[in-house]
Amino acid sequence: MQAGAQTDVDVVVIGAGFGGLTMLYRLREAGFSMQGVEAGDGVGGTWFWNRYPGARVDVQSVEYSLSISREVQDEWTWTELMAPQEELERYVNFVADRLDLRRHIKFETRVTAMTWDEASATWLVQTDKGDAWRCRFVVTAVGCLSAPIEPAIEGLHSFKGETLYTNRFPKGGYDFSGKRVGLVGTGSSGVQATPVIARQARHLTVFQRSAAYTMPAGNRPWAPGEFEALRENYDEIRAVQFASPLGAARFGAVAVGELMRTVPPNILETPMEERLARLDRDGWLAATPFAWADVTVDIEANHAARELYAELIRRQVNDPETAAALVPHYPMGCKRPIIDIGYFETFNRDNVTLVDLRKGAITRVTPEGIETEQGAFPLDVIVYATGFDAMTGALNRIDIRGQNGALMRDAWIAEGPRSYLGLMVAGFPNLFTITGPGSPSVLTNMISSIEQHSSWIVQCLGHLRTQGLKTIEAEPDAQEDWVTHVASLAQGGVRVHESCTSWYLGANVPGKVRVYMPYAGGLNVYRDRCDEIASAGYAGFALA
Ligand code: NA7
């Protein structure tokens with residue numbers, strides 16, 4: 001790239017999920033040399049690791065798909081409204097092959113350290129396999145939900161049956177037939193896995209610490225010709241998708257794009273009989289923040305919406321005690337919403353038991369099963385669906401040393417992540433973070449965010465190249481302003497309410513500093529801001 005620069009490649013890209021693949025493709029199209037690195041032995045990121053039964057995307061596939069290549073878009077056929085993991089993994093592999101990206105990636109290799117060298121203005125990237133690449137730029141595409149956490153339960157490794165993790169599920173799947181299965185965790189992964197495991201297992205015991213806000217996905221196969229008609233209309237679909245705050249016009253089967261264009265009533269100003277009438281008419285949608293304007297800003301309104309949600313659960317679940325236990329105790333809308341296929345009905349099965357850990361916690365895992373304050377549960381298999389060190393975990397697990405040898409995680413662990421636009425970090429020149437903390441990322445369709453970030457980054461690199469510049473770095477003042485702005489967008493609402501224990505806040509990881517990490521202003525607004533900054537000569541960045 002730069003004459004005389006002692007580099008092996010222009011750019012090292014870490015991760016071969018949708019983010020890494022998109023970045024590699026765009027870099028190659030723009031004429032940069034690059035090296036991809038991936039810990040797994042295949043492409044796919046989230047869809048490579050999370051192979052648990054029932055895993056499925058919550059955005060419709062025509063939107064949860066890449067628009068970067070016309071060929072990819074035109075040649076792939078989705079079979080359902082929302083694709084399951086197997087189909088998504090096939091799709092990612094198709095993308096890697098069709099765009100000939102595999103040859104750029106070193107698989108089964110984990111980046112352990114990256115060190116900035118001020119004198120040569122280069123990064124040295126090192127791996128657990130002994131690789132060392134010197135490059136001008138690094139792009140991390142390491143995922144927001146990719147650093148698994150092992151729950152701190154005494155005796156976890158003493159269990160003599162099978163221990164499985166949803167986020168590292170065996171490649172060939174697992175046959176639960178005839179087994180007594182314990183499932184720990186009822187976030188998205190646990191909720192999706194529950195009905196599928198229940199259909200196979202001899203008995204399923206679900207250990208629930210926090211109940212989930214979940215609603216039916218409304219997934220279905222296409223009607224004849226439906227997908228072909230949509231594919232014909234892709235330009236329009238993409239235009240609507242990219243103009244929306246969520247980077248998707250639909251969440252599950254719900255047209256949230258349209259819903260967000262109208263201002264709903266306040267629940268606290270709506271008489272109870274009207275609330276119930278709405279419940280009868282709209283079902284689960286009536287018990288979401290989309291239905292009421294005050295639910296995300298007023299905790300009393302939130303409790304009122306939760307009452308509607310509880311009513312719907314009572315209508316689904318036969319046993320009153322189980323129905324009551326399935327009602328969440330934290331605010332609606334504070335955690336990422338979940339969509340499911342037959343979750344609540346599953347608790348009407350004879351072979352399923354819900355253990356409400358609020359009535360007595362897990363005390364330890366023994367060789368025979370799980371012990372709680374409510375009694376012991378003998379098991380053959382334990383499945384942990386216990387989540388991730390979200391948004392910062394994957395970055396903090398790498399020794400990233402920037403200017404003056406500063407370790408990035410030191411500041412991030414002490415104060416929470418600090419970043420300008422969620423794209424770059426002051427003191428760490430030439431390092432870009434795809435869907436980093438401080439960007440819309442997990443509040444959006446991830447593929448839309450990935451496409452926006454990778455496009456901005458490659459344009460930025462092109463600008464540096466044409467200007468004969470070697471470095472770009474976030475200015476500390478611009479970063480501080482951005483961090484303050486991101487925090488202000490979440491302030492005052494249920495997302496940061498003291499009773500909210502979301503991974504957006506890091507509240508699921510013991511000791512993690514409580515900071516709301518994603519940018520909540522909408523992907524459309526964010527994109528405009530990024531573009532304005534680029535047009536203004538990369539305002540807030542120092543270029544040299
Ligand atoms: P989540 O959403 O973080 O869910 C993890 C679940 O595991 C959640 O119910 C936790 O309860 C529970 N958990 C964690 N540790 C324990 C222990 N020690 N004992 C009992 N229960 C525990 O992870 P997912 O994989 O389901 O989903 C992550 C995202 O992926 C999701 O939001 C989608 O965007 C896709 P808690 O709530 O902490 O009380």
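Sequence positions, counted from 1, serve as the residue numbers for this chain. Just follow the structure's listing: the first ligand is 1, and inside any ligand the first atom is 1.
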Side-chain donor/acceptor pairs under 3.5 Å, residues 206-215, sequence neighbours excluded:
residue, atom, partner, partner atom, Å
Gln208, NE2, Ala325, O, 2.8
Tyr213, OH, Tyr330, O, 2.9
Tyr213, OH, Met332, N, 3.3
Thr214, OG1, Ile338, O, 3.4
Thr214, OG1, Asp340, OD2, 2.5

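- The aromatic rings of Tyr309 and Trp284 stand perpendicular to each other, their planes meeting at an angle above 60°, with 30° marking the opposite boundary.
- Remark: Cys144 pairs with no residue by the disulfide (SG to SG under 2.5 Å) rule, at least two apart or across chains.
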Between the protein and ligand 1, which nitrogen or oxygen pairs come in under 3.5 Å, and how far apart is each?
residue, atom, partner, partner atom, Å
ligand 1, 7 (O), Ala385, O, 3.2
ligand 1, 9 (O), Thr186, N, 3.0
ligand 1, 9 (O), Gly187, N, 3.4
ligand 1, 15 (N), Arg209, NH2, 3.4
ligand 1, 25 (O), Ser189, OG, 2.6
ligand 1, 26 (O), Ser188, N, 3.0
ligand 1, 26 (O), Ser189, N, 2.8
ligand 1, 26 (O), Ser189, OG, 3.3
ligand 1, 32 (O), Trp503, NE1, 3.3
ligand 1, 34 (O), Arg336, NE, 2.7
ligand 1, 37 (O), Ser210, OG, 3.2
ligand 1, 37 (O), Lys335, NZ, 2.7
ligand 1, 38 (O), Arg209, NH2, 2.9
ligand 1, 39 (O), Arg209, NE, 3.0
ligand 1, 39 (O), Ser210, OG, 2.5

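- Applying the disulfide bond (SG atoms under 2.5 Å apart) definition to pairs two or more places apart or across chains, none involves residues 340-387.
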Problem set entry | Verdict with reasoning, Glu63 to Asn445, per side chain to side chain donor-acceptor pair (under 3.5 Å) | CA-CA 8 Å; Glu63 296 185 313; Asn445 172 1; 5.5 Å; no
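- Ring-plane geometry between Tyr420 and Trp482 is classed as perpendicular, the angle between the planes exceeding 60 degrees on a 0 to 90 degree scale with a lower cut at 30.
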